[in-house]
Structures are given as C-alpha cells and as structure tokens.
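Have a look at the structure below, then the notes.
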Amino acid sequence: MWLLQSVRIADIKAHDGEDVTIRGWLYNKRSSGSIHFLIVRDGTGFLQTVAVRGEVPDDQFELCNNLAQESSIVVTGRIRADRRAVGGFEMSASSIELVQMSEDYPITLKEHGVDFLLDHRHLWIRNPRQHAALLVRHEIIAAAEDWLRNNGFIKVDAPILTPAACEGTTTLFETDYFGEKAYLSQSGQLYNEAACMAFGKVYCYGPTFRAEKSKTRRHLIEFWMIEPEMAYATQEDNLVVQEEFVSYIVQRCLANRREELITLERDLSKLECIVPPFPRISYDEAVELLNAEGREFEWGEDFGAPDEAVISMRYDKPVFVTSYPTKIKAFYMQPDPDRPEVVKCADMLAPEGYGEVIGGSERIHDFDLLKARMREHDLPEEAYGWYLDLRRYGSVPHSGFGLGIERTVAWITGSEHVREMIPFPRLLNRIYP
RNA sequence: UCCUCGAUAGCUCAGCGGUAGAGCAACCGGCUGUUAACCGGUGGGUCGCAGGUUCGAAUCCUGCUCGGGGAGCCA
C-alpha cells in the first residue's frame with residue numbers, strides 16, 4: 001500500500017505543516033558540511049528536502065554524502081513554506097531511506113548534444129523540460145478526446161495493419177501478412193468514413209507511419225493522429241468544428257498545464273488569443289500573397305515549409321488555407337462543383353511558423369466520381385471494393401480531418417522540434433531506444 | 001537524394017603542422033541556506049574509420065561511416 005499512502009509532490013501545498021513521506025528519485029544535491037539540500041522528484045513534481053546533521057540519524061546523514069543523481073530514495077519529514085525553496089515549499093527531513101544507489105547517471109545537469117540525449121531517451125524523459133512537454137502532450141490528447149466525447153463523437157478505432165495504401169502508394173512500411181503484403185497505416189480515415197455511416201460522428205486516435213526520408217524539425221517516422229469524421233457534414237461544418245476543437249484544446253492546456261508551459265518558457269499571451277473564429281484564406285489568395293512577397297510561386301504547386309511560414313506569420317491565430325488544386329490533393333476529396341479544378345478542403349496552419357497541424361476535407365460521396373478519381377490515381381479497385389460500397393449503400397456528403405498530435409504539442413509548448421514531443425521518437429535511421 | 005556543418009576524456013567543447021587541454025561528471029577533502037552551489041586535490045584520451053602528403057598529422061588532402069541544420073519528399 002505504498003502508492004495510496006504516499007503524498008504526491010504535485011499536491012504538497014495542501015500538506016503545509018504535516019509530516020509526509022515522498023517516494024522518489026534524487027534529481028540534484030547541494031551539500032554544505034552539516035546540511036544537505038536534496039532535490040527530490042516523484043514523477044509529479046520536484047521538492048527541495050533539507051537534511052541537517054543531528055536532525056536525521058547519523059548514518060542517514062553520512063549516506064547523503066555519497067548519494068548519486070537519480071538514486072531512488074524515500075524521504076520523510078515536515079512540509080513548510082519557505083521562500084528560499086523553488087516552488088515555495090520544502091521539507092525538513094527526519095529520515096532518508098535508500099532504495100537503490102544510482103551509479104554514474106549519464107545525463108548531468110549541464111548541456112548535452114542531441115545525439116547523446118536521443119540515445120538516452122529512456123532517461124531523458126525524467127528531465128524537467130521533457131517531463132513538462134510530455135505532460136502537455138497528455139493534456140492535449142485528453143482535451144481532444146473530452147471535446148469529441150462531449151460533442152457526440154464515438155471512438156471507433158481503425159486498424160494499423162492495412163491491405164492497401166490510404167493515400168499515394170509511396171512511403172509505406174511494408175510487412176508480411178501470412179504470405180500477403182500488408183502495410184502499416186498512414187491514416188485511419190477510410191475506415192472512419194465507414195464508421196461515420198454507422199454512428200454519425202466518429203473519431204479514431206492512433207499511430208501512423210510514413211517511410212519518408214524526411215529529416216526536418218516537423219517530421220517523425222511514427223506519429224500520432226486524431227481523426228474525426230462526420231456524416232451529413234459539409235466542409236463549412238468541418239471548419240467550424242475544427243476551430244472549436246483546437247481552441248478548446250489550447251485553452252485546456254492553459255488552464256490545466258500552466259506550470260508546465262511556464263517551465264517551458266512559453267509566451268502564454270500567444271495561446272490566450274486562440275479562440276474562434278480563425279482566419280481563412282483561399283489557395284488562390286495565398287498564391288497571390290506569396291507572389292506579392294516575391295516568392296515566384298505558380299498556381300498548381302504545393303506549398304513548401306517556407307511558403308507556409310510566410311502565410312501563417314501574417315496571423316496570430318491558426319489560419320485555414322482552403323480550396324487547393326484538385327491535382328495536388330488526395331483522390332477522395334470533393335471537387336468544388338462550380339470549380340472542379342479545386343477541392344473542398346482546408347489545411348490549418350498553426351501560428352508562429354509551426355506549419356500544418358490539420359488537414360481536412362469534404363469527401364467524394366458520388367459513386368461514379370469516386371471510381372473515376374480512383375482510376376486516375378491508378379488505385380487497385382479490388383482493394384477498395386469495401387470503400388466504394390460506402391457510395392453504394394446510402395451515401396451522403398461527409399467531412400473530416402486529422403490533427404497531428406506532435407506538431408500540435410510543438411506549437412502549444414513553443415518547442416523547436418517534434419522529436420521531443422513524443423516519448424520515444426522514431427526518426428530517420430533511429431529506432432533506439 | 002541534394003546543399004551545408006560537424007566527429008578530440010563519461011558529457012559539452014577548445015586546440016587547426018612540432019608528442020593532448022578546460023569546464024562539468026567520477027573519486028578524496030572543506031564548508032549550516034544552497035538554487036546548473038562553491039573552494040582545494042586525484043584519476044581519466046589509438047583525437048570516428050581507412051588511405052595519402054610531410055622529417056613530423058588531432059591539425060592538410062581523398063574516400064567511407066555516423067550525426068546536426070536545411071531542402072526535397074510529406075492529408
């Protein structure tokens with residue numbers, strides 16, 4: 001019964017004046033002859049404990065001389081407010097019990113290189129900044145699921161092993177499925193479309209895999225996506241849902257993870273203004289804008305990262321870029337009936353240059369049109385028979401989108417790189433630890 | 001795949017033709033209010049790998065390997 005009896009450092013303020021026991025690890029130590037300052041972490045926070053010679057048993061005081069970083073210890077003592085302690089509270093220790101002595105913990109409090117830290121990711125996640133970012137990630141996922149649940153979406157998960165590509169045929173991880181080829185999922189969307197015809201509003205949350213040789217601060221080989229899909233929803237409905245959804249997530253992080261955002265030195269004013277409605281700009285307007293900025297961009301090309309940055313930097317909220325050319329978008333996107341050369345879609349670009357966090361569209365609901373588009377894209381009809389069925393039995397206009405979790409975490413935490421936004425990143429040529 | 005930068009002590013780096021350095025970490029000692037504590041001492045390196053130039057290479061040249069940043073690719 002340790003877990004239930006222990007006090008969590010996160011709740012320490014409620015125990016001012018009480019004797020409590022903390023079960024944790026030694027984050028750092030400062031010693032001064034007859035006094036030791038032990039900074040203990042327990043997974044929920046950090047607490048300075050003070051061990052004074054004479055106030056703890058002598059053998060335990062001597063133990064502190066040799067106590068190494070990340071040794072596991074159980075500390076008991078009285079909690080009291082003290083301005084000299086980071087966090088405003090500290091513990092006067094009465095007993096220090098060693099669980100296991102750590103030896104030569106590799107990650108020191110000084111600077112380290114990226115390669116070294118990634119090789120020690122299993123330990124790096126104990127670091128305060130990494131810890132804070134992953135707590136924000138947790139909040140983002142919880143907030144997203146709460147919003148969807150509260151708005152009538154049913155969680156219907158999609159398979160990871162799939163018989164055919166959801167999108168283009170490049171960049172898939174191939175595996176063997178009892179003698180047949182199978183691929184790791186790139187999106188749960190096609191299955192979501194089936195599910196939304198059964199449940200109305202659905203979502204899936206899971207990992208997706210891209211075998212792209214991308215080496216940028218915005219790309220992971222394995223990343224997580226949350227994908228809502230709605231029957232009888234137009235692209236206009238889709239955009240309203242997206243701005244409500246994303247605003248809720250941001251405001252929840254501000255409310256519940258303010259301390260972590262402060263640890264990460266995030267400028268909170270940049271998040272406080274994230275409320276609906278979000279600005280919208282059409283692809284056509286974006287092209288004009290880029291040319292006005294001197295980037296020589298031709299209609300029909302896809303935006304590169306620098307182009308997205310130019311567009312998003314003009315706004316202090318996420319911006320929707322709508323109506324992309326049909327040619328550069330996925331086969332299932334609904335062409336605009338008045339202008340078939342563009343589709344009813346939108347990418348949501350996060351502010352401050354964080355790039356695309358959402359891609360969404362209205363899907364084609366007409367059987368013949370979908371079949372024609374699949375032929376244009378050379379997709380094997382036999383693998384997509386079930387998908388075409390959805391246009392055969394009660395097809396209706398429907399829309400959906402996918403939110404990339406790690407890019408969203410990077411934006412909300414104000415972080416440089418998505419690799420630190422997931423506990424164990426899979427990167428180009430890196431699958432350890 | 002392309003451009004670009006890099007690889008020296010456990011870590012972060014300096015040294016850039018004349019036989020290897022610092023800070024931190026480790027270990028020993030000192031200190032009753034530290035905040036990446038501080039002060040003194042000790043140990044620790046085939047200078048990524050393979051060739052070449054040179055009297056002499058961590059240092060210059062070539063190739064390779066690995067990594068960073070960027071581009072491309074990328075709902």
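Residue numbers start from 1 in every chain, and the chains themselves are labelled A, B, ... in the order their sequence lines are given, proteins ahead of strands. Everything numeric here is computed off the predicted structure, so don't read it as measured data.
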Verify salt bridge (charged side-chain N to carboxylate O under 4.0 Å, His left out) between A:Glu293 and A:Arg295, making sure each step is shown before the conclusion. CA-CA 6 Å; A:Glu293 298 267 342; A:Arg295 289 197 56 86; over 6 Å; no
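Both A:His112 and A:Ile358 lie near RNA chain B, and the one whose nearest nucleotide falls closer to the 5' end is A:His112.
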Show each protein N/O and nucleotides 23-28 of chain B N/O combination with a separation under 3.5 Å, one pair to a line.
none

Between N or O atoms, less than 3.5 Å apart, protein on one side and nucleotides 69-72 of chain B on the other: list the pairs.
residue	atom	partner	partner atom	Å
B:G69	OP1	A:Arg419	NH1	2.9
B:G69	OP1	A:Arg419	NH2	3.0
B:G69	O3'	A:Arg217	NH2	3.1
B:G69	O6	A:Lys215	NZ	3.3
B:G70	OP1	A:Arg217	NE	2.2
B:G70	OP1	A:Arg217	NH2	2.1
B:G72	O6	A:Lys215	N	3.3
B:G72	N1	A:Lys213	O	2.9

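Proximity of a side-chain donor or acceptor of A:Glu55 to a complementary backbone N or O of A:Val52 within less than 3.5 Å is not detected. In terms of modelled atom types and a separation under 3.5 Å, the side chain of A:Glu227 and the main chain of A:Cys204 share no donor-acceptor contact.
The listed nucleotides are B:G33, B:A36, B:C74; the one nearest the side chain of A:Glu111 is B:A36.
Between A:Glu229 and A:Gln189, the side chains place no donor N or O within less than 3.5 Å of an acceptor N or O (distance only, hydrogens not considered).
Between B:C31 and B:C16, the two P atoms lie 42 Å apart (nearest whole Å). For the C1' atom pair drawn from B:U4 and B:A14, the interatomic distance equals 23 Å after rounding to whole Å. Using atom P as the reference point in both B:U19 and B:C38, the two lie 34 Å apart (nearest Å).
Nucleotide B:G63 has B:C49 as its partner under the Watson-Crick or G-U criteria, with both atom distances under 3.5 Å. Using N1 to N3 plus N6-O4 or O6-N4 for Watson-Crick, or N1-O2 and O6-N3 for G-U wobble, each under 3.5 Å, B:A26 pairs with B:U42.
Both the sub-6.0 Å distance and the 45° axial angle are satisfied by A:Lys329 relative to the ring of A:Tyr324.
Among the candidates A:Glu362, A:Met230, A:Lys201, A:Met197, the single residue satisfying the side chain to side chain contact (heavy atoms under 4.5 Å, CB included) test with A:His398 is A:Met197.
Looking only at side-chain heavy atoms (C-beta outward), A:Ile274 and A:Pro318 come within less than 4.5 Å of each other.
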